[in-house]
Amino acid sequence: SQQGEEDPQALSIQEGENATMNCSYKTSINNLQWYRQNSGRGLVHLILIRSNEREKHSGRLRVTLDTSKKSSSLLITASRAADTASYFCATDAIRGAQKLVFGQGTRLTINP
Amino acid sequence: NAGVMQNPRHLVRRRGQEARLRCSPMKGHSHVYWYRQLPEEGLKFMVYLQKENIIDESGMPKERFSAEFPKEGPSILRIQQVVRGDSAAYFCASSPPGLNSPLHFGNGTRLTVT
């Protein structure tokens, strides 16, 4: 079964609005990563947050991690049409030696 | 510095044929991972290899699937006697050593079994 579960499955917003995607997971982790996938392409790494971190920023991206609830959120501020993509969270188990387990993804559509 | 290179991008095979998917990791990366993605789904881990070693193959089907990462040359994912259910996008990723290194993905091989 999938380790990570994203919510919502699909999100459609207007350009300029903020987009929030959530991820829940089941087991203890070393770190949690977020990736973006444009249609027909491979995944691109966005940001990594370690299990002892609570929040991390990178440009217009803000990631939070709550290990007590086994959940993470990805916030994209001031969205642009180019942000249209699928977004996946991925986790590794503490003993997993970097075997990343991906969720089903959130399909984000930014309407101009 | 070229990224992860996968070929072919698209592969069509008839049921019963063999499919060979190739992956050249980024320069300096010694770890290779193979994932499979069905339409509208996430990626499912298949196998993790280092040069000449299979580290974790817990996601590989027990039959027909094999993977290698030889000392020289690309990593190969081999599917023998393909069936329609093997149709999917197969992604390769590589990373340098280190538990917290992000994965760098290729653009995938889309396998269609007719």
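Values below: all heavy atoms of this structure, side chains included; hydrogens, waters and symmetry mates excluded.
With B:Tyr35 contributing its side chain and A:Leu100 its backbone, the two residues share a donor-acceptor pair below 3.5 Å. In this structure a side-chain-to-backbone donor-acceptor pair under 3.5 Å is present from B:Asn107 to A:Gly42. Counting only distance, with no hydrogens or angles, the side chain of A:Arg41 and the backbone of B:Gly108 share no donor-acceptor pair below 3.5 Å.
Side-chain heavy atoms closer than 4.5 Å link hydrophobic residues (I, L, V, M, F, W, Y) into clusters, and following such links, possibly through other members, connects A:Ile49 to A:Leu61. Tracing side-chain contacts under 4.5 Å through hydrophobic residues (I, L, V, M, F, W, Y), one reaches A:Ile13 starting from A:Ile76; they form part of the same cluster. Placement of B:Met26 and B:Phe69 in two distinct hydrophobic clusters is found when ILVMFWY residues are connected by side-chain heavy-atom separations under 4.5 Å, directly or transitively. Both A:Val63 and A:Tyr87 are members of a single hydrophobic cluster when ILVMFWY side chains are connected at heavy-atom separations under 4.5 Å.
Annotation: the span from A:His45 atom NE2 to B:Ser95 atom OG amounts to 11.0 Å, rounded to 0.5 Å. Of the inter-residue distances, the one linking A:Phe102 atom CZ with B:Gln37 atom CD reads 9.5 Å to the nearest 0.5 angstrom. To the nearest 0.5 angstrom, A:Gln104 atom CD is 5.5 Å from B:Glu41 atom CD. Rounded to the nearest 0.5 angstrom, B:Phe45 CZ and A:Asp92 CG are separated by 12.0 Å. In this structure, OH on A:Tyr35 lies 5.5 Å from CZ on B:Phe105, to the nearest 0.5 angstrom.
A:Leu43 touches chain B through backbone and side chain together, each having a heavy atom under 4.5 Å away. Contacts between A:Gln9 and chain B at a heavy-atom distance below 4.5 Å are absent for every atom of the residue.
A 4.5 Å side-chain heavy-atom check between B:Phe91 and A:Gln37 finds at least one atom pair inside the cut-off.
Chain A is approached within less than 4.5 Å, heavy atom to heavy atom, by B:Arg9 from residues 4-14 of chain B, ordered by number.
More than 12 non-hydrogen atoms from other residues, nucleotides or ligands lie less than 6.0 angstrom from CD of B:Glu18.
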